[in-house]
Number of protein chains: 2
Amino acid sequence: MTPSIPQAADTSSQTQVLFERLRSAVLNLDLMPGQRLTERGLEASYHASRTPVRAALMRLESEGLAQRDGRGWIVAPIDLDEIGALAELREAVETAAVRLAVVRASDADIEALAELLESTRPVGDEEEGVRAGGDFHGELASLSGNAPMTDAVRGAMTRLARTRWLEVRTPESREHAWAEHRAVLAALRARDADEAARLLGAHIRSTNERLVAHLAADRRRLRARGLAVLPAATP
Amino acid sequence: MTPSIPQAADTSSQTQVLFERLRSAVLNLDLMPGQRLTERGLEASYHASRTPVRAALMRLESEGLAQRDGRGWIVAPIDLDEIGALAELREAVETAAVRLAVVRASDADIEALAELLESTRPVGDEEEGVRAGGDFHGELASLSGNAPMTDAVRGAMTRLARTRWLEVRTPESREHAWAEHRAVLAALRARDADEAARLLGAHIRSTNERLVAHLAADRRRLRARGLAVLPAATP
DNA sequence: TCGACCAGTTTGGGATACCAAGATGGTGTA
DNA sequence: TACACCATCTTGGTATCCCAAACTGGTCGA
């Protein structure tokens, strides 16, 4: 269920177009975390009337990429607490999903996922690797045949996507992540649920630990760049 | 985090009021599953202009209570597949959340939850019990201190809430569910993560199995009442 | 100098009007 | 009788316009 979603690509609706443009702008940090957004400002910047602007903002809100701030809107800040919490959610949902996938995914499904993974092998430039990683986790979850789980994973990956610009990822670390994905896939191929869940859980946990440590250390510098980075509460 | 949410109760905004009225109407089956909704129809019925009507519909959509159907809107149908999938999601998320709660919840938090549970003891009338059950699961999840997990659980409970009108629940079955909640709470009090997770997972699974079996058997009758009930795909 | 108050501006919430695409229904033809 | 076609109506999408609340500056008084 919900395998790849070819997308009907409603290029028509202004709301749709605007939503996608705003979404990209947020994810690429063209709109900075914490930045104030005004409907009239966006109306002017994107040459659309307030009606689609408001609709797009509401969609961004439901994706967690924009928030209300009093009466107005802001780009969702980077929230270290949220990042940690999302990792916990992902560990719970993704490990459960991969266990279901072990039982439910067809060999063809698994091979398609393997192909996706292989195609990202020559881990492209900087951030392309992380985007590919997000896709992998989403597609892997979809093999569970469970749409709400898949949505939860994709939603979490979306909320986490901006961190790819904030984290220093070396070619080695990307290679390492890719290898871990490959190991999970191997366990899935072998229909070994325990092993697949164990590897996936460890991968999510360790990747997150490195990310949070890095962001916490860089918080001052990131804020200096104008990004709103909310601190982690006392653990 | 996100303990009870006292709600600022923005009684002001028409959008807010309309959203809550529509939400109640959907959850109470005043608006039947699968029923077509038109913005102009709602505009007339609820005495508000299309702007807040559309905003409210978009919020309902993000909660999964309304859907787009081509160009228009419908009340989300009852989908047996979705119900099963949500149970799987809940099992994954709630068991992980209760494990976190075992570590993080304060004694006071736990006692507050116990109080909530006790207050629903004389399991009121028919559906009141199920609503209380949903609240319990949401509050329990919130003791994890993990907002995304809590949101996921509350969202799932919302999507499942309408089933309370479709399922025959005897005083005995409600008493049984209440007892299982109490057992989970006892394990949480004892700070026994494995036991709490085991009990909670079993509770979610068994409750769901009974529900799905019941709905599948009654599908014909329910459809006769005008409810759109989508069948389960082949397992 | 510091702070409270006030006019002007900005902003989101809401109400409407218009439009094009889709759905409806009826009619005329084969 | 059955089917195709066209006028009409309905509906969501979009563009504006008005309003009240919130915000901004700046001035005046203690």
Side-chain angles (χ1 to χ4, degrees), chain A residues 7-26 30-77 226 228, chain B residues 7-26 30-77 226 228:
Chain A
Q7 287 296 350
D10 306 7
T11 313
S12 46
S13 150
Q14 298 235 25
T15 297
Q16 185 67 18
V17 173
L18 188 52
F19 169 69
E20 284 164 11
R21 290 182 64 189
L22 285 173
R23 190 175 191 278
S24 296
V26 171
D30 292 331
L31 294 173
M32 298 286 274
Q35 179 180 341
R36 183 161 208 80
L37 300 175
T38 67
E39 296 179 1
R40 285 178 167 88
L42 296 173
E43 182 182 15
S45 305
Y46 290 83
H47 188 56
S49 76
R50 280 180 67 203
T51 307
V53 166
R54 295 186 66 178
L57 283 172
M58 283 190 269
R59 286 208 222 171
L60 285 177
E61 181 184 29
S62 73
E63 279 202 340
L65 298 182
Q67 302 177 353
R68 296 187 182 266
D69 174 51
R71 243 190 0 154
W73 298 91
I74 58 172
V75 177
Chain B
Q7 287 296 350
D10 307 5
T11 314
S12 46
S13 149
Q14 298 233 24
T15 297
Q16 184 68 17
V17 173
L18 189 51
F19 169 68
E20 285 165 11
R21 290 183 64 190
L22 285 173
R23 189 175 191 278
S24 295
V26 171
D30 291 331
L31 294 173
M32 298 286 273
Q35 178 180 340
R36 184 161 208 82
L37 300 175
T38 69
E39 298 179 359
R40 285 179 167 88
L42 296 173
E43 184 183 14
S45 306
Y46 290 84
H47 187 56
S49 78
R50 280 180 67 203
T51 306
V53 166
R54 297 192 66 181
L57 282 172
M58 283 188 270
R59 286 208 222 170
L60 285 178
E61 181 183 28
S62 73
E63 279 202 340
L65 298 181
Q67 302 177 351
R68 294 185 183 268
D69 175 51
R71 241 189 0 155
W73 298 90
I74 58 172
V75 177

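Here the structure is a predicted model, which is why all the values come from computation and not from measurement. Chain letters run A, B, ... following the sequence lines, proteins first and then strands; every chain starts at 1. Keep in mind that the numbers below use all heavy atoms, side chains included, and drop hydrogens, waters and symmetry copies.
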Quick one: which protein N/O atoms are closer than 3.5 Å to N/O atoms of nucleotides 18-20 of chain C? Pair and distance per line, please.
unit_1	atom_1	unit_2	atom_2	d
C:dC18	N4	B:Arg40	NH2	3.4

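Here A:Asp69 pairs with A:Arg36 under the salt bridge (charged side-chain N to carboxylate O under 4.0 Å, His left out) rule; sequence neighbours left out. In this structure B:Arg68 satisfies the salt bridge (charged side-chain N to carboxylate O under 4.0 Å, His left out) test together with B:Glu61, sequence neighbours excluded. For B:Glu63, the side chain to side chain contact (heavy atoms under 4.5 Å, CB included) partners are B:Phe19, B:Arg23, B:Leu65, B:Thr158, not counting sequence neighbours. The side chain to side chain donor-acceptor pair (under 3.5 Å) search around A:Arg59 returns A:Gln16, not counting sequence neighbours. Among residues two or more places apart in sequence or in another chain, the side chain to side chain contact (heavy atoms under 4.5 Å, CB included) test is passed with B:Thr51 by A:Arg54, B:Ser49.
In the helix from C:dT1-D:dA30 to C:dA30-D:dT1, the rotation axis of the first five pairs and that of the last five pairs differ in direction by 10°, rounded to 10 degrees.
B:Arg71 CZ to A:Ser13 OG: the interatomic distance, rounded to the nearest 0.5 Å, is 12.5 Å. The distance from the OG1 atom of A:Thr15 to the CG atom of A:Leu57 is 10.5 Å, given to the nearest 0.5 Å. Atom-to-atom distance recorded for A:Gln14:CD and A:Ser12:OG is 10.0 Å, nearest 0.5 angstrom. Taken to the nearest 0.5 Å, the CD1 atom of B:Ile74 stands 12.5 Å off from the CG atom of B:Leu31.
If you take CD of B:Glu43 and P of C:dA15, they are 9 Å apart, rounded to a whole angstrom. Here the C1' atom of nucleotide C:dA15 and the CD atom of B:Glu39 are 14 Å apart, to the nearest Å. Nucleotide C:dG12 holds its P atom 9 Å from the CG atom of A:Leu37, rounded to whole Å.
Between C:dG14 and B:Thr51, no contact under 4.0 Å exists linking OP1 or OP2 to a side-chain N or O. Note on B:Ser12: every side-chain N or O is 4.0 Å or more away from OP1 and OP2 of C:dG13.
At a threshold of 4.5 Å between non-hydrogen side-chain atoms, the residues A:Met58 and B:Ser62 do not count as touching. When side chains are defined from C-beta on, B:Leu42 does not count as touching B:Leu18, because their heavy atoms never get closer than 4.5 Å.
On the nucleic acid side, DNA chain D contacts chain A at distances under 4.0 Å to non-hydrogen atoms, with the end points of that region at D:dT14 to D:dA22.
For DNA chain C, the neighbouring residues in residues 53-69 of chain A, judged by any heavy atom under 4.0 Å, are A:Arg54, A:Arg68.
Every pair passing salt bridge (Lys or Arg N to Asp or Glu O under 4.0 Å) that includes a residue from residues 43-52 of chain A is listed here, sequence neighbours excluded: A:Glu39-A:Arg50.
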*side-chain contact (heavy atoms from CB on, under 4.5 Å) between A:Leu60 and A:Trp73: does it pass, once the steps are laid out?*
CA-CA 11 Å; A:Leu60 285 177; A:Trp73 298 91; over 6 Å; no
